[in-house]
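Keep in mind that the numbers below use all heavy atoms, side chains included, and drop hydrogens, waters and symmetry copies. Count residues from 1 along the sequence.
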Amino acid sequence: LFYFSYGFLLLLLHVLKAVIALEQKITKLGDNATLSCIYRERELHLKNLRVYWQITDQEECSVVHALISGQDNESEQCIHFKNRTQLFWDRLENGDFSLLLLNVSQSDEHKYKCVVLQKTEYTRVIHQTEVVLSLAASYSQPVLSGPIRNSDSTGEEVTFSCRSGNGYPKPDVYWINKTDNSRLPPSELKITPHDDGTYSVFSTLKVKATSNMQIECSIENKILQENLSANYTEQKQSNDSITESHKNLEKNGRGAQAAGIVSIVILIGVLAVLICWLWKRRSSKLVSYTGNVAFHLHDQI
């Protein structure tokens, strides 16, 4: 009988544990998060209820929000959550005890537990829910630079660099050779934290230069399931196109030279006309002045 009772107790505990629903909640940094806790079994009276939101993976302070007999109770609430939590009052009597957590940050990443107790002849737990809150922020579109030829390299080695920022959590960074979709090991990988909790990432890749290089830098945020990439493709020209390009350059050069000569000739012609006009104008004034002087001398005689 003892073994039967003990086995039944273990089975009951296992069933009770399985009843607790576990939800994964993903929220972006700085947003508000709604942690769900809904009980729809029967009609409820708030004065007979106690609702506790707690942190299950922290010992120092565990009370996030408490509702006792229809009133908020802040006596045991963690300081970190002061003025940052609230219930939806218009939904409580319908069994919706979801919690609104304002302006979430990295320090809010926890497993939260909602416990609803009802007091009739005795106090009993009528509902439990657990919510794992994970935070994330999208990384910026990566910027790919290069290729830059390495001056200290004996071969045809070049360097690419890739950068992105304002993301959370730390990303996975991949360099990919798109000609065969193989992954390439980065030469450098630097992830820098910022005051707002986000990260920036900088990575470099050194590879042997080829005529058909196709390189991709990929930044992956696993929580948001986002994968952002930037690509480089070597622009290969045929001999015919290169020759034609040289011909066009030479033709354009000769045309520009001829246009320059014509412009100079026109400018010289304009200057010559202007000089002749000024000379004639000066000569006519001089003749007029000489005639006037002779006239006055004749009068005086």
Side-chain angles (χ1 to χ4, degrees), residues 13-41 44-120 122-137 166-170 191-199 221-224:
L13 290 174
H14 178 74
V15 170
L16 288 175
K17 185 177 180 180
V19 168
I20 301 176
L22 180 62
E23 177 188 348
Q24 179 80 21
K25 179 71 176 181
I26 298 174
T27 303
K28 291 195 172 184
L29 284 171
D31 286 356
N32 300 333
T34 300
L35 310 182
S36 181
C37 179
I38 301 175
Y39 176 74
R40 301 197 185 281
E41 295 295 323
L44 300 171
H45 300 284
L46 293 182
K47 64 179 182 178
N48 298 327
L49 296 179
R50 290 192 175 197
V51 179
Y52 292 97
W53 274 98
Q54 301 170 315
I55 296 174
T56 63
D57 54 3
Q58 180 174 294
E59 295 181 358
E60 311 87 66
C61 182
S62 62
V63 179
V64 179
H65 195 100
L67 180 76
I68 300 176
S69 300
Q71 298 293 325
D72 286 330
N73 188 308
E74 300 180 356
S75 60
E76 298 180 5
Q77 187 182 35
C78 302
I79 296 177
H80 175 67
F81 294 104
K82 290 287 185 182
N83 301 318
R84 294 183 55 233
T85 62
Q86 63 187 57
L87 300 175
F88 299 92
W89 286 94
D90 57 335
R91 308 178 191 174
L92 293 176
E93 290 188 349
N94 296 324
D96 189 343
F97 306 104
S98 300
L99 179 73
L100 180 64
L101 181 58
L102 306 177
N103 190 23
V104 296
S105 64
Q106 288 87 342
S107 57
D108 295 322
E109 283 190 296
H110 293 288
K111 180 188 282 186
Y112 294 82
K113 187 174 184 178
C114 169
V115 181
V116 182
L117 300 97
Q118 186 177 49
K119 184 178 181 180
T120 50
Y122 59 92
T123 301
R124 64 189 184 93
V125 176
I126 61 172
H127 185 63
Q128 296 184 76
T129 300
E130 289 186 345
V131 181
V132 177
L133 178 61
S134 299
L135 302 180
N166 303 320
Y168 183 84
K170 291 182 179 180
I191 299 176
T192 306
H194 300 291
D195 293 338
D196 61 358
T198 62
Y199 293 95
N221 187 327
K222 287 186 175 179
I223 290 183
L224 292 178

Undergrad: Grab the two heavy atoms, one from Ala136 and one from Leu224, that are nearest each other, plus how far apart they are.
TA: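 Nearest pair, atom of Ala136 first, then Leu224: CB-CG, 3.5 Å.
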
Undergrad: Would you say Ile55 and Val64 make side-chain contact, with heavy atoms under 4.5 Å?
TA: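 Yes, side chains in contact.
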
Undergrad: Let's go through His194 and Asn166 carefully: what are the C-alpha distance in whole Å and the side-chain angles of both, what is the deciding distance for side-chain hydrogen bond (donor to acceptor under 3.5 Å, both in side chains) to 0.1 Å, and is it a yes or a no?
TA: CA-CA 8 Å; His194 300 291; Asn166 303 320; 5.7 Å; no

Undergrad: Compare all side-chain heavy atoms of Leu44 with those of Phe97 and state whether any distance is below 4.5 angstrom.
TA: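 Of all side-chain heavy-atom pairs linking Phe97 with Leu44, at least one is under 4.5 Å.
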
Undergrad: Count the heavy atoms belonging to other residues, nucleotides or ligands that lie under 6.0 Å from CG of Asp90, then report whether that count exceeds 12.
TA: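 Atom CG in Asp90 is crowded, with more than 12 foreign heavy atoms closer than 6.0 Å.
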
Undergrad: Give the minimum heavy-atom separation between Leu133 and Asp108, together with the two atoms involved.
TA: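 Answer, listing the atom of Leu133 first, then Asp108: CD2-O, 3.4 Å.
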
Undergrad: What residue pairs, at least two apart or across chains, pass disulfide bond (SG atoms under 2.5 Å apart) with a residue in residues 59-106?
TA: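 Those involving residues 59-106 are Cys61-Cys78.
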
Undergrad: Would you please test Ser98 and Phe88 for side-chain contact (heavy atoms from CB on, under 4.5 Å) and show each step?
TA: CA-CA 7 Å; Ser98 300; Phe88 299 92; 4.2 Å; yes

Undergrad: Tell me whether Asp96 is salt-bridged to Arg40, with the criterion being a basic N under 4.0 Å from an acidic carboxylate O.
TA: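 No, this pair does not count.
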
Undergrad: Could you tell me the separation between the CG atom of Leu99 and the CG atom of Leu35, rounded to the nearest 0.5 Å?
TA: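 It is 5.0 Å, given to the nearest 0.5 Å.
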
Undergrad: Just so I know, are the side chains of Leu22 and Thr129 near enough to count as touching, which here means a heavy-atom distance under 4.5 Å?
TA: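 Answer no - side chains too far apart.
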
Undergrad: Mind checking whether Leu117 and Ile126 have side chains closer than 4.5 Å, heavy atoms only?
TA: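 No, too far: nothing below the 4.5 Å cut-off.
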
Undergrad: Could you verify whether a donor N or O on one side chain and an acceptor N or O on the other, from Glu76 and Ser62, lie under 3.5 Å apart?
TA: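 The criterion, which ignores hydrogens and geometry beyond distance, is not satisfied for Ser62 and Glu76.
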
Undergrad: Under 3.5 Å, side chain of Thr85 to main-chain N/O of His65, donor-acceptor pair present?
TA: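 Absent.
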
Undergrad: Could you tell me whether a side-chain N or O of Gln54 sits under 3.5 Å from a main-chain N or O of Lys113, the two making a donor and an acceptor?
TA: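 Side chain of Gln54 to backbone of Lys113: no pair is present.
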
Undergrad: Contact between His127 and Cys37 at the side-chain level, heavy atoms closer than 4.5 Å - yes or no?
TA: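 His127 reaches Cys37 side chain to side chain.
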
Undergrad: Check step by step if side-chain contact (heavy atoms from CB on, under 4.5 Å) holds for Ser69 and Arg50.
TA: CA-CA 6 Å; Ser69 300; Arg50 290 192 175 197; 5.6 Å; no

Undergrad: Of the non-hydrogen atoms in Leu92 and Leu67, which two are nearest, and what is the gap between them?
TA: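 Where Leu92 meets Leu67 most closely, the heavy atoms are CD1-CD2, 4.0 Å.
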
Undergrad: Stepwise, does the side-chain contact (heavy atoms from CB on, under 4.5 Å) test hold for Val63 with Trp53?
TA: CA-CA 6 Å; Val63 179; Trp53 274 98; over 6 Å; no

Undergrad: Answer yes or no: does atom CZ of Arg84 have more than 12 heavy-atom neighbours from other residues, nucleotides or ligands under 6.0 Å?
TA: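 Yes, enclosed.
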
Undergrad: Take Val115 and Val51, measure what side-chain contact (heavy atoms from CB on, under 4.5 Å) needs, and give me the verdict at the end.
TA: CA-CA 6 Å; Val115 181; Val51 179; over 6 Å; no

Undergrad: May I ask you to decide if Ala137's main-chain N or O and Asn221's side chain share a donor-acceptor pair within less than 3.5 Å?
TA: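 Checked: pair present.
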
Undergrad: So, Gln106 side chain and Gly197 main chain: donor-acceptor pair closer than 3.5 Å or not?
TA: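 It does hold such a pair.
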
Undergrad: Got Glu93 and Leu46 here, is their nearest side-chain heavy-atom distance under 4.5 Å?
TA: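 Contact flag for Glu93/Leu46 side chains = yes.
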
Undergrad: Name the orientation class of the two ring planes belonging to Tyr168 and Tyr199 (parallel below 30°, tilted from 30 to 60°, perpendicular beyond 60°).
TA: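 Tyr168 vs Tyr199 ring planes: parallel.
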
Undergrad: So do Leu29 and Val104 actually touch side chain to side chain, heavy atoms under 4.5 Å?
TA: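 A side-chain contact under 4.5 Å is absent here.
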
Undergrad: Of the non-hydrogen atoms in Leu135 and Pro169, which two are nearest, and what is the gap between them?
TA: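 For Leu135 versus Pro169, the nearest heavy atoms are O-CD, 4.1 Å.
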
Undergrad: Identify the heavy atoms of Ala33 and Thr27 that sit nearest to each other, and give their distance.
TA: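 Shortest heavy-atom contact: CB-OG1, 3.5 Å.
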
Undergrad: If you draw a 6.0 Å radius around NZ in Lys82, do more than 12 non-hydrogen atoms from other residues or ligands fall strictly inside?
TA: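 For Lys82, atom NZ is crowded (more than 12 foreign heavy atoms under 6.0 Å).
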
Undergrad: Without swapping roles, check the side chain of Asn73 against the backbone of Ile68 for a donor-acceptor pair under 3.5 Å.
TA: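 No, Asn73 side chain to Ile68 backbone: no donor-acceptor pair under 3.5 Å.
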
Undergrad: Ignoring hydrogens and angles, state whether a donor on the side chain of Thr56 or Glu130 is under 3.5 Å from an acceptor on the partner side chain.
TA: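 Their side chains do not contain a donor-acceptor pair, so the 3.5 Å distance test is not met.
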
Undergrad: Mark yes or no for whether His80, through its side chain, and Gln77, through its backbone, hold a donor-acceptor pair below 3.5 Å.
TA: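 Side chain of His80 to backbone of Gln77, a donor-acceptor pair under 3.5 Å: no, none is there.
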
Undergrad: Answer whether the closest heavy-atom distance between the side chains of Asp57 and Tyr112 falls below 4.5 Å.
TA: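 No; the side chains remain at least 4.5 Å from each other.
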
Undergrad: Please identify each residue that fulfils salt bridge (charged side-chain N to carboxylate O under 4.0 Å, His left out) with Asp31, with sequence neighbours left out.
TA: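 Counting only residues at least two positions away or on another chain, Asp31 forms no salt bridge (charged side-chain N to carboxylate O under 4.0 Å, His left out).
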
Undergrad: Quick one, Thr123 with Gln118, criterion side-chain hydrogen bond (donor to acceptor under 3.5 Å, both in side chains). Give me CA distance, side-chain angles, the key distance, then yes/no.
TA: CA-CA 6 Å; Thr123 301; Gln118 186 177 49; over 6 Å; no

Undergrad: Between Val131 and Ser36, what is the shortest heavy-atom contact and its length?
TA: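 Nearest heavy atoms, Val131 then Ser36: CG2-O, 3.7 Å.
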
